[in-house]
*Asks:* 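I have a structure here, written as structure tokens, and I will follow up with some questions on it.
Here is how names work: the chains are called A, B, and so on, in the same order as the sequence lines, proteins then strands, and each is numbered from 1. These numbers come from a predicted model, not from an experiment.
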There are 2 protein chains.
Amino acid sequence: MSTASLDRRARRRQQTIDEVLDTAVEIMTEQGAGGLSLGEVARRMGIRPPSLYVYFPSKHAIYDALFARGARDLFDTMQEATHGFTASEDMAQTLLTAGSAMVRWCVANPAYSQLLFWRPVPGFVPSQEAYAPAVELVVSSQRALTDLQEQGLLRTDIPVDQVFRDWTIVIAGITSQQLSNAPDETFEDGRFTSALPDLVEMFCRMYGTRSPAATARPTST
Amino acid sequence: MSTASLDRRARRRQQTIDEVLDTAVEIMTEQGAGGLSLGEVARRMGIRPPSLYVYFPSKHAIYDALFARGARDLFDTMQEATHGFTASEDMAQTLLTAGSAMVRWCVANPAYSQLLFWRPVPGFVPSQEAYAPAVELVVSSQRALTDLQEQGLLRTDIPVDQVFRDWTIVIAGITSQQLSNAPDETFEDGRFTSALPDLVEMFCRMYGTRSPAATARPTST
DNA sequence: GTCTATATGACGATAGAC
DNA sequence: GTCTATCGTCATATAGAC
């Protein structure tokens, strides 16, 4: 058996694994994250349910792979979106960029969002490996806030943890409201996603230091 | 058959109905709102599953009754908490009172909260009757904001709809974060519920007019 | 109103032929 | 690596005796 054939086989296997996960996401997007069934995955792939066990040892393993995939994708998306922006002189712009990227991804990936941020599957706990990118994202975000402090844009008399907590609440609130009440709207035309600029303003007014935007008043949308 | 015996029978029937719903809430609290099963309800009540069909025609009917019950209870709780507070001269106090009552109820009733605000049950759509108290609550809240405007405490250059939208985002964010990340903490010691005063401050700084609190700066918690 | 018995089907998962 | 066959369990729901 040549190494070339091994590579081909491994590649083909990975393709099938990806197809399983893609199909699972498709179903979870339609039925909710808790509505995944292996029979439905197999049916859509044109195979029989037992064949899935060649690629995943259990249903929980599929959830775990999806969690890992979602966390990695979100982390990469956020990294790309905020590249170089920690050097910005405008806190509102920095937060709006990061917040937009985050909320946009969540709205575009409701199945992953439910799996990552809610608890839709009774008994499922992600493995440490799957969870790792999510931890990285938290650390990276807190670091970005610390950077803002060191630039003098963010108040230093408040712990970063507190600012971060409030920031996650705002982002979670927008995402939760949008996905729960109007899941079919996009980020661009969402009735709740459109509140992001206002809430960033609110946030900067509270926690920002000298940003000019902190004194401006928002207009009606 | 006397009317007295009819009353007794009706009362006993209502007791059993309540016991079914209480048991269902218990299960949903432990397993998540989507994890309800009639077999488990019957087991905990010490009866057989078919007996449940004497009181409810289907599982969806149980969900609907729970939705109605939750919406009514939340509405009543909010009515009681905000009684007379629309006459307050302090917008921050008014919002903190209402927000505390709302978040406290949600944290204390995670099963109802999931059913009312998320979409944990694929295919379940609450009936108009069950949904009615939820609509009442929205109307009542918007009315309270309008009252604040008429008292000159809330900016009049911004549509009430927009203020209400942002307010629901803040409340949903706190609740969502608390229930998803630390569901076993109470309202009093919650790591996210404790953010409510800060966020109310933030809100008043943005949308309030002349409240003294709008110029004060929050301290570290 | 409660039960037994049952219909009907989905589910996750395993064994073993090919 | 895919299949058929099947296990065991659970689910919602119905029929009919008591």
*Asks:* Whole angstrom is fine here: how far is it from NE2 in A:H60 over to C1' in C:dG12?
*Replies:*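 Atom-to-atom, A:H60 to C:dG12, this comes out as 11 Å.
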*Asks:* Can you measure A:Q15 atom CD to D:dG1 atom C1' for me and round it to whole angstrom units?
*Replies:*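 Atom CD in A:Q15 sits about 15 Å away from atom C1' in D:dG1.
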*Asks:* Short question: side chain of A:D189, backbone of A:T186 - any donor-acceptor pair under 3.5 Å?
*Replies:*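 Looks like yes, one N/O pair under 3.5 Å.
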*Asks:* Need one value for A:F56: base, sugar-phosphate or nothing, where a base atom within 4.0 Å counts as base even if backbone is also close, heavy atoms only.
*Replies:*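 Nothing: the residue A:F56, judged by heavy atoms under 4.0 Å, touches no strand.
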*Asks:* When the distance from OH of A:Y63 to P of C:dC11 is rounded to whole Å, what number comes out?
*Replies:*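 Checked: the OH to P distance equals 12 Å.
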*Asks:* Under 3.5 Å, is there a donor-acceptor pair between the side chain of A:E185 and the main chain of A:R191?
*Replies:*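 Checked: pair present.
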*Asks:* Specify the separation, in whole Å, of atom CZ of A:R9 and atom P of D:dT2.
*Replies:*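 In whole Å, D:dT2 P lies 11 Å from A:R9 CZ.
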*Asks:* Output a table of nitrogen or oxygen pairs between the protein and nucleotides 4-11 of chain D separated by less than 3.5 Å.
*Replies:*
from   : atom 1 : to    : atom 2 : distance (Å)
D:dA11 : OP1    : B:S37 : OG     : 2.5

*Asks:* Decide yes or no for B:S141 and B:W167: does some side-chain heavy atom of the first lie under 4.5 Å from some side-chain heavy atom of the second?
*Replies:*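 Not touching, per the 4.5 Å side-chain cut-off.
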*Asks:* Calculate the interatomic distance between A:Y55 atom OH and D:dC3 atom C1'; express it in whole Å.
*Replies:*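 Those two atoms, OH and C1', are 12 Å apart.
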*Asks:* For the side chain of B:S58, counting heavy atoms from C-beta on, which of C:dC3, D:dT2, D:dA13 is nearest?
*Replies:*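 Of the options given, the side chain of B:S58 lies nearest D:dA13.
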*Asks:* Got a donor-acceptor contact below 3.5 angstrom from the B:S180 side chain to the A:F117 backbone?
*Replies:*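 Pair found, side chain donor or acceptor close to backbone of A:F117.
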*Asks:* For A:D18 and A:R13, run salt bridge (Lys or Arg N to Asp or Glu O under 4.0 Å): C-alpha distance rounded to whole Å, both residues' side-chain angles, the deciding distance at 0.1 Å, then the answer.
*Replies:* CA-CA 9 Å; A:D18 287 338; A:R13 180 180 172 84; over 6 Å; no
*Asks:* Taking the six-membered ring for Trp, are A:Y63 and A:F67 closer than 6.0 Å centroid to centroid?
*Replies:*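 Here the rings of A:F67 and A:Y63 have centres that are no less than 6.0 Å from each other.
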*Asks:* Look at A:Y53 and C:dG16 and indicate whether a side-chain polar atom (N or O) is within less than 4.0 Å of OP1 or OP2.
*Replies:*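 No, no such contact exists.
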*Asks:* Rounded off to whole Å, could you give me the CD-to-C1' distance for the A:Q31 and C:dC11 pair?
*Replies:*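 Distance, rounded to whole Å: 15 Å.
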